[in-house]
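For reference, the structure discussed in these notes is given below.
Being a predicted model, the structure only gives us computed values, none of them experimental.
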Amino acid sequence: MFKMKKFKVVVLHTIVYEVDVNAASKEKAENKVKDIDVNTNILDQTDKFDFLAAYQAYECDDDDELTDDEDEFGDEECQPD
């Protein structure tokens with residue numbers, strides 16, 4: 001029978017917007033876009049965006065614990081590799 005280890009995987013989905021803005025410095029440009037982002041929904045309407053995803057698997061504390069199937073994980077903590 002095939003034995004499997006238990007893992008938890010963190011999934012981070014992000015939307016990356018590219019915004020053209022006129023400002024006197026990079027800091028002022030960032031602050032201007034931050035203000036727009038916090039106070040409006042205009043970034044959702046831009047055509048310049050991309051979707052990104054990141055995945056990180058964590059092995060459960062008890063490395064010797066194996067399972068015969070893909071049952072739901074218990075509440076045991078998992079730590080980064």
Side-chain angles (χ1 to χ4, degrees):
M1 181 173 285
F2 187 68
K3 299 284 185 176
M4 301 176 128
K5 286 186 173 184
K6 290 184 180 180
F7 294 90
K8 289 192 179 185
V9 178
V10 175
V11 180
L12 175 65
H13 286 178
T14 58
I15 302 172
V16 179
Y17 296 103
E18 183 179 322
V19 180
D20 294 328
V21 62
N22 294 321
S25 68
K26 288 197 310 186
E27 181 179 280
K28 289 183 180 183
E30 290 171 356
N31 288 337
K32 188 182 276 190
V33 173
K34 180 179 178 181
D35 184 54
I36 292 168
D37 186 31
V38 169
N39 294 306
T40 72
N41 67 348
I42 199 165
L43 292 183
D44 293 336
Q45 299 170 21
T46 185
D47 292 336
K48 297 180 181 178
F49 68 92
D50 198 3
F51 294 99
L52 302 174
Y55 307 92
Q56 176 65 53
Y58 297 91
E59 193 165 337
C60 291
D61 283 344
D62 188 1
D63 291 338
D64 296 328
E65 185 178 337
L66 299 176
T67 182
D68 291 330
D69 53 34
E70 297 180 20
D71 289 339
E72 289 294 317
F73 293 120
D75 290 329
E76 68 268 12
E77 291 294 320
C78 292
Q79 301 296 322
D81 292 340

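- Sorted by first and then second residue, the ring-ring contact (aromatic ring centres under 6.0 Å, His included) pairs involving residues 21-48 (not counting sequence neighbours) form an empty list.
- Screening residues 28-37 for side-chain hydrogen bond (donor to acceptor under 3.5 Å, both in side chains), with sequence neighbours left out, gives D35-N39.
- With sequence neighbours excluded, no residue satisfies ring pair (Phe, Tyr, Trp, His ring centres under 6.0 Å) with Y55.
- A search for ring pair (Phe, Tyr, Trp, His ring centres under 6.0 Å) contacts involving F49 returns F51, not counting sequence neighbours.
- Taking a 4.5 Å side-chain heavy-atom cut-off between Ile, Leu, Val, Met, Phe, Trp and Tyr, the cluster of V16 extends to L52.
- A chain of hydrophobic side-chain contacts below 4.5 Å, direct or via other Ile, Leu, Val, Met, Phe, Trp or Tyr residues, connects V33 to I15.
- For N41, the side chain to side chain contact (heavy atoms under 4.5 Å, CB included) test picks out D44, Q45, with sequence neighbours left out.
- Here I36 sits in one hydrophobic cluster together with I42; the rule is ILVMFWY side chains under 4.5 Å apart, joined directly or through other members.
- With sequence neighbours left out, D20 forms a salt bridge (Lys or Arg N to Asp or Glu O under 4.0 Å) with K48.
- A heavy-atom distance below 4.5 Å is not found between the side chains of T46 and V19.
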